[in-house]
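Given the structure is predicted, the values throughout are model-derived calculations rather than measurements. Below, each value reflects all heavy atoms present in this structure, side chains not excepted, and no hydrogens, waters or symmetry copies.
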Amino acid sequence: MKIATFNINGVRARIETLTGWLSEAQPDVVVLQEIKTQDEGFPADPIADLGYNIETHGQKGFNGVAILSKLPIEDVMRGLPGDDADEQSRYIEATVVGQRAVRIGGLYLPNGNPQPGPKFDYKLAWMKRLRARASHLRMQEMPTILLGDYNVIPEPRDAAAPDKWVDDALFQPESRAALRRILNDGWTDAIRLRDPDNARGPFTFWDYQAGAWQRDNGIRIDHILLSPQAVDLLIDTGIDRDERAKDKPSDHVPVWVDLDA
DNA sequence: ATGGTTGTTGTACAA
């Protein structure tokens, strides 16, 4: 079961970017972030034509997440538990049934800039809620993966120029510690597992500005966290870096795992 | 060097 995350940066503006990648990469399951549309505006037809079931959790103008799956989708949950007043569409969770059932949480973690300030406070509060949800899921002892745009640079080597990020919410000690707490609870960073000793990179995001892609001035903020039961099923991981060089790219590229499930 | 780009919405904002 090939499961991917892709921050598409506007699914209506980039529907051909998305369908082109889906046709080429043939993922079984995809979680999307920043669809930037309400559910009724989601361009479902060209995606359904490629064989995908679709569940969306949209929002007007900003944010918005979705799950696409060639396999049946069950028990969909929209929104991250823990704050009934939170109206931002940043989390969708569902079970996908292949040879075995896998629980999948797709997330778009708050950016948090500028920091300090209310947006950074919201980011840290959201990460506390995510940790609680992750612990609940882990205790179910089912193969589970939590993947998406985490908006956290875990370590200096996850940025081409870490000194440029020291004042940014993505690289604050509090943001990094909150992610590390979740990992220390028993989750595995699937991409880092592949090359644990890499001195620099790999990256998943390159800004549109200042020739960041051409200079390979990237960061790694799109992550795939595996529960212990999912780690046992891991076959392969990848970053579809070439997507960033194509026409009308997102500023993020797809990141994926292949599970024996 | 406080630059540079993109999508959505509305002529600003979030990223």
Side-chain angles (χ1 to χ4, degrees), chain A residues 5-21 30-44 46-47 56-66 80 86-92 106-127 130 147-154 158-172 174-176 178-179 203-223 240-241 243-255:
Chain A
T5 174
F6 193 1
N7 181 322
I8 193 64
N9 188 20
V11 70
R12 287 181 294 179
R14 255 178 269 286
I15 184 61
E16 290 176 1
T17 301
L18 176 60
T19 54
W21 170 73
V30 182
V31 296
L32 297 176
Q33 303 89 39
E34 289 205 84
I35 62 174
K36 295 187 177 179
T37 176
Q38 299 173 96
D39 294 339
E40 52 268 36
F42 189 88
I47 297 170
T56 60
H57 182 39
Q59 180 178 339
K60 186 176 183 179
F62 307 105
N63 306 324
V65 290
L80 182 65
D86 184 1
E87 296 187 346
Q88 299 192 33
S89 296
R90 296 179 173 275
Y91 189 82
I92 187 168
L107 62 104
Y108 177 46
L109 207 146
N111 175 296
N113 282 304
Q115 74 80 30
K119 291 188 175 182
F120 190 61
D121 296 342
Y122 173 64
K123 176 179 195 148
L124 296 181
W126 204 96
M127 294 188 81
L130 179 63
L147 74 170
D149 178 358
Y150 278 73
N151 267 319
V152 176
I153 301 167
D158 293 306
D163 54 307
K164 297 292 196 294
W165 295 91
V166 291
D167 293 325
D168 195 287
L170 277 59
F171 195 52
Q172 288 311 293
E174 296 95 328
S175 310
R176 294 166 57 193
L179 175 58
F203 307 131
T204 66
F205 168 95
W206 295 261
D207 201 284
Y208 289 124
Q209 304 180 70
W213 167 248
Q214 289 76 10
R215 299 163 189 236
D216 196 24
N217 182 16
I219 53 176
R220 188 172 73 98
I221 54 174
D222 301 273
H223 304 303
D240 290 348
R241 182 186 160 96
E243 292 300 309
R244 188 63 178 79
K246 295 184 179 175
D247 287 340
K248 206 167 169 60
S250 171
D251 40 6
H252 298 249
V253 296
V255 181

Nearest-Å distance, [atom1] ([X]) to [atom2] ([N])?
X: A/Phe171; N: B/dA15; atom1: CZ; atom2: C1'; value: 19 Å
X: A/Ile15; N: B/dT6; atom1: CD1; atom2: P; value: 20 Å
X: A/Asn7; N: B/dT6; atom1: CG; atom2: P; value: 15 Å
X: A/Asn151; N: B/dA14; atom1: CG; atom2: C1'; value: 11 Å
X: A/Arg12; N: B/dT6; atom1: CZ; atom2: C1'; value: 15 Å
X: A/Gln214; N: B/dG4; atom1: CD; atom2: C1'; value: 12 Å
X: A/Gln115; N: B/dA14; atom1: CD; atom2: P; value: 16 Å
X: A/Asn111; N: B/dC13; atom1: CG; atom2: P; value: 16 Å

- Item | Donor on one side chain, acceptor on other, A/Gln88 and A/Asn63, under 3.5 Å |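 Yes - a donor-acceptor pair under 3.5 Å links their side chains.
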- Query: Do you see a donor-acceptor pair shorter than 3.5 Å between the side chains of A/Tyr91 and A/Asp86?
  - Reply: no
- What distance, rounded to whole Å, do you find between the two C1' atoms, one in B/dA12 and one in B/dA1?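 That atom pair is separated by 25 Å.
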- Task: For nucleotides B/dG4 and B/dT9, find the distance between their P atoms and express it as a whole number of Å.
- Result: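 Comparing P positions in B/dG4 and B/dT9 gives a spacing of 26 Å.
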- Message: Any heavy-atom pair between the side chains of A/Leu107 and A/Val65 that's under 4.5 Å?
- Response: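 No, too far: nothing below the 4.5 Å cut-off.
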Using a heavy-atom cut-off of under 4.0 Å over every strand shown, decide if [X] touches base, sugar-phosphate, or nothing.
X: A/Tyr108; value: sugar-phosphate
X: A/Lys164; value: nothing
X: A/Arg215; value: nothing

- Short side-chain N/O contact from A/Lys119 to OP1 or OP2 of B/dA14, under 4.0 Å: yes
- Message: Tell me whether the side-chain N/O atoms of A/Lys248 come closer than 4.0 Å to OP1 or OP2 in B/dT6.
- Response: no
- Message: Assess the residue pair A/Glu16 and A/Asp247 against the criterion (side-chain contact (heavy atoms from CB on, under 4.5 Å)); give the C-alpha distance rounded to whole Å, side-chain angles, the decisive distance to 0.1 Å, and a yes or no.
- Response: CA-CA 10 Å; A/Glu16 290 176 1; A/Asp247 287 340; over 6 Å; no
- Pair partner, B/dA14 [Watson-Crick or wobble, under 3.5 Å]: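 Checking every strand shown, B/dA14 finds its partner in B/dT6, with both distances under 3.5 Å.
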- Verify, without hydrogens or angle tests, whether A/His223 (side chain) and A/Val152 (backbone) share a donor-acceptor contact under 3.5 angstrom. yes
